[in-house]
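Not measured: the values here are computed from a predicted model.
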Amino acid sequence: MKTRTHPIIVAGTLMGVLLILILALTSINYLVLLRDKINNVDKRDLAKVVILHKMGRIVRERSLRMYAMYVSEDIWVRDEEYRRFYGLGRDFILLRDELMRLGLEPEETQIWDKAVDIIRKTEPLQNSIVEKLYDGEKKGIGEKISLEDLPQENQLLQYFDQLLYKVQANTGAAVKQAEHEFMDAIRLLAFLTIGVISLSLTNMFFVRKRILTIEGTLHDEKELAQLTLENIVDGVIKTDRSGQIISMNPAAEHISERAAREGLGQTLGKVLPLLDIDTGQTLSWAEFLADLSGTVMPLQRYFGFRRSGGEQSLLEISVSPIFTSGGSLVEFAIIFRDVTSEKKQADEVSWQATHDPLTRVLNRNAIITAIKEAIGTARQFNVQHALLYIDLDDFKHVNDRYGHPAGDELLLGICRVMEDCVRKGDRIARMGGDEFAILLLECDLAHAVNIAEKIRHHVAQYGFRFDNELIRCSGLSIGIYTINARDHDWKSVIERADQACYTAKRQGKNQVSVA
């Protein structure tokens, strides 16, 4: 019996040792693979995040270079901006190639394809604009920038932001999946260990020690992922399903002006109160989160945020619900950034593209757009509008006698007088030189004549002193044309009002003529 038992014990021991060795080697190898997987995912996705941020900055920088060429009259400045513009394009291509080398997930590819479609539209448009500006041609460029390029650029930047969010979300999902796989490996290891624990406590101790070592390594990798989150420029707040804050990254603390220790456990409304950008009314976070509780689609919108100093900033906010694999809502991820300066730059570009820089009234392109809209409403709703075409009588005499500074001040003063004489919704534009146009919306002929006479009377009373001399406008020649349902061409509308103005000037100046 003893002889037979010994081989069995030896065989059992050897089998136990072999099983433990197999279990240990398999577990160690699998956990090392999990560690490498997380490490590779973190490094790759962190590189993708950096590349996408750089590409977004290049998109904005190219537009700024193009606008610098538009506003500059210095050919050397235009030449420098021209070279910088195309240099940024080459940098963008290199970043694009690097991004493709890193690879995109299917959902990321869908967003990238949308961004590429816009790039294919904006690249030839921007190149055409830059080439014209390089040749000194600016006619119609402002309208192309504000009406064609800027909307597409904003859409492209939104796609980049969506892609950044998707990359970050995929990184988090990969880390969670690896953690789930790690826990599955732990459970399998524990189950097998129960069967062989009596064979070799020493081997079990070794396996356990090795597991703890790898577990610590995985913990370090997880902290690296958390460090990446803490160093991105976007604010990130995570809440539970009721909207109470459970974490804030440093960017969120900076933007909200609330430390994480003050925000944890608080509601979003206390830490990040939002305002409607149109009405200024405080908005309810609870309503937004309730609307999102049954959808997997993120909500992305712009909101106002009043800082501690009283100034209001503009925030771009994306809110995404987070569900378990079983479909239960567990958390919300709020990602936001301050876009105040970007919005201010875009508004400034848009304003300069539609306004006269001296008088600050609308320019010719802007009033043409307004006339087109007026023709459309006249035909659709059968209403009347009126167009006043105004020419300053003998304005050249002021420039010749007193100089252009006096002439410019006279133009500014007359514009302010005209603004006081028209209604709030009416449009005043400088057509060029000493010619102006005023679009009176929903205004019949009799009312238009009264407004024209009022303008002529008040301008005649306006004057200012320049070098101890009183300077006045000798009069206004005003032509009036009423826009109705029969009109369909903006050029003919302006021509008829201009002809009526010419008639007033030919008949003695300083009077009103109706087309």
Non-hydrogen side-chain atoms of [X] and [Y] separated by less than 4.5 Å:
X: Phe305; Y: Pro273; answer: yes
X: Leu102; Y: Ile51; answer: yes
X: Glu442; Y: His385; answer: yes
X: Phe85; Y: Asn127; answer: yes
X: Arg360; Y: Trp351; answer: yes
X: Thr267; Y: Trp285; answer: no
X: Leu104; Y: Ile111; answer: no
X: Val339; Y: Arg337; answer: yes

What's the shortest heavy-atom distance between [X] and [Y], and which atoms?
X: Thr239; Y: Ile334; answer: CG2-CD1, 3.8 Å
X: Arg416; Y: Thr359; answer: NH2-O, 3.0 Å
X: Ala497; Y: Tyr389; answer: O-CB, 3.5 Å
X: Glu108; Y: Gly103; answer: OE1-O, 4.5 Å
X: Arg241; Y: Phe332; answer: O-CE1, 3.5 Å
X: Phe92; Y: Met55; answer: CZ-CE, 3.4 Å

Determine yes or no for a side-chain-to-main-chain donor-acceptor pair under 3.5 angstrom, with [X] supplying the side chain and [Y] the backbone.
X: Arg427; Y: Ala366; value: no
X: Asp487; Y: Asn484; value: yes
X: Asn363; Y: Ala353; value: yes
X: Asn365; Y: Ile141; value: no
X: Gln152; Y: Glu148; value: yes
X: His355; Y: Val361; value: no
X: Asp240; Y: Val330; value: no

How would you list, by chain and number, every residue that makes a salt bridge (Lys or Arg N to Asp or Glu O under 4.0 Å) with [X], sequence neighbours excluded?
X: Arg430; value: Asp356
X: Glu107; value: Lys166
X: Asp338; value: Arg307
X: Asp434; value: none

Can you tell me how far [atom2] of [Y] sits from [atom1] of [X], rounded to the nearest 0.5 angstrom?
X: Phe436; Y: Leu388; atom1: CZ; atom2: CG; value: 13.0 Å
X: Arg57; Y: Leu95; atom1: CZ; atom2: CG; value: 9.5 Å
X: Ile390; Y: Ile414; atom1: CD1; atom2: CD1; value: 9.5 Å
X: Leu439; Y: Asp426; atom1: CG; atom2: CG; value: 7.5 Å
X: Leu133; Y: Met66; atom1: CG; atom2: CE; value: 8.0 Å
X: Ile245; Y: Lys270; atom1: CD1; atom2: NZ; value: 10.5 Å

Checking [X] now: which residues fulfil side-chain contact (heavy atoms from CB on, under 4.5 Å) with it, not counting sequence neighbours?
X: Glu61; answer: Leu64, Arg65, Arg84, Leu88
X: Val116; answer: Trp112, Arg120
X: Thr282; answer: Leu275
X: Asp74; answer: Ser72, Trp76, Val77

With sequence neighbours excluded, what pairs up with Phe160 under the ring-ring contact (aromatic ring centres under 6.0 Å, His included) test? none

Have Glu153 and Ser63 got a donor and an acceptor in their side chains that come within less than 3.5 Å?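 A donor-acceptor contact under 3.5 Å links the two side chains.
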
Taking atom types as modelled, is there a side-chain donor on Glu131 or Tyr82 under 3.5 Å from an acceptor on the other?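 Short answer, yes.
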
Kindly indicate, with the supporting measurements, whether the criterion side chain to side chain contact (heavy atoms under 4.5 Å, CB included) is fulfilled by Thr354 and Thr369. CA-CA 10 Å; Thr354 56; Thr369 300; over 6 Å; no

Criterion side chain to side chain contact (heavy atoms under 4.5 Å, CB included) on Ile93 and Arg96, from CA distance to verdict: CA-CA 5 Å; Ile93 291 173; Arg96 178 204 63 191; 3.4 Å; yes

Any side chain to side chain donor-acceptor pair (under 3.5 Å) involving residues 136-146? Give me the pairs, sequence neighbours left out, ordered by first then second residue.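 The answer is Glu73-Lys138.
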
If you count heavy atoms of other groups shown closer than 6.0 angstrom to CG of Asn382, is the number above 12?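 No.
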
Would Asp79 and Arg83 pass as an ion pair if we require N to O under 4.0 Å?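 Here Asp79 pairs with Arg83 in a salt bridge, since their nearest N and O are under 4.0 Å apart.
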
Salt bridge (charged side-chain N to carboxylate O under 4.0 Å, His left out) contacts in which one or both residues fall within residues 247-256, not counting sequence neighbours: none

All side-chain hydrogen bond (donor to acceptor under 3.5 Å, both in side chains) counterparts of Arg90, not counting sequence neighbours: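 Applying side-chain hydrogen bond (donor to acceptor under 3.5 Å, both in side chains) to Arg90 gives none.
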
